[in-house]
Amino acid sequence: MQNKKGLILAIIGLLLVVGVIFIFKQNRPVGNTADNLILFYGNGCPHCEKVDAYLEANKIAEKVKIEKLEVFENQNNAKLMAEKYTACGLSTVSGMGVPFLWDGGNKKCYSGDEETINFFSQWAK
């Protein structure tokens, strides 16, 4: 009888742990690819400054990891940005604009301050 009680308690404990894990996974924002976000920006870009102000005001960097790469003065970063543009099916022929966000986990791109801020709004709450 004692073994049955122990087994039942172990099963209930296991179900509770699985339930808690399930709940936390459900509350995770869609698109949360914390290790795969690259925000390309340019020094002096007013749209980039707007995105940066939003990230600061909402403490987004505390909630998700973002790699920020400057492209106006760093040619290696500009080449990487061109690769990500191409990966998203965008043409680099007429130039590339910043801010430009690469969500590598979902292989999606967001261009301009509005799209980028809309993407990060899922962590602003």
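The analysis underlying the following values was restricted to heavy atoms, covering all of them including side chains, and did not include hydrogens, waters or symmetry mates.
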(message) Under 4.5 Å between side-chain heavy atoms, counting indirect links through other Ile/Leu/Val/Met/Phe/Trp/Tyr residues: same cluster for I60 and I38 or not?
(response) no
(request) Find out if a path of hydrophobic residues (ILVMFWY) with successive side-chain heavy-atom gaps under 4.5 Å connects L90 to V98. (result) yes
(message) On a heavy-atom basis, which atom in G42 and which in C48 lie closest, and how many Å separate them?
(response) N-SG, 3.5 Å
(request) Supply the atom-to-atom distance T116 OG1 to D52 CG, rounded to the nearest 0.5 angstrom. (result) 12.0 Å
(request) State whether the side chain of N118 and the backbone N or O of E114 hold a donor-acceptor pair below 3.5 Å, judged by distance alone. (result) yes
(message) If I compare all heavy atoms of K108 with all of C88, which pair ends up nearest, and what's the gap?
(response) C-SG, 3.8 Å
(message) Measuring centre to centre across the rings, with the benzene-like ring taken for any Trp, is F100 within less than 6.0 Å of Y85?
(response) yes
(request) Compare every heavy atom of V71 with every heavy atom of M81, then report the nearest pair and how far apart it is. (result) SD-CG1, 3.8 Å
(message) Test your reading of the model: is there a side-chain donor-acceptor pair from N74 to the backbone of E70, 3.5 Å cut-off?
(response) no
(request) Walk me through it: do K84 and L69 pass the test side-chain contact (heavy atoms from CB on, under 4.5 Å)? (result) CA-CA 13 Å; K84 302 308 180 189; L69 299 177; over 6 Å; no
(message) Please report the interatomic distance CG(L55) to CD1(I66), rounded to the nearest 0.5 Å.
(response) 5.0 Å
(request) Test side-chain contact (heavy atoms from CB on, under 4.5 Å) on F119 and L39 and set out the steps. (result) CA-CA 12 Å; F119 174 82; L39 179 59; over 6 Å; no
(message) Looking at K63 and N58, would you say the former's side chain and the latter's main chain have a donor-acceptor pair under 3.5 Å?
(response) yes
(request) List the steps and the verdict of side-chain contact (heavy atoms from CB on, under 4.5 Å) for F40 and K68. (result) CA-CA 6 Å; F40 296 95; K68 295 181 181 179; over 6 Å; no
(request) Grab the two heavy atoms, one from G97 and one from S111, that are nearest each other, plus how far apart they are. (result) O-OG, 4.5 Å
(message) A side-chain contact here means heavy atoms from C-beta on lying under 4.5 Å apart; do V51 and Y110 qualify?
(response) no
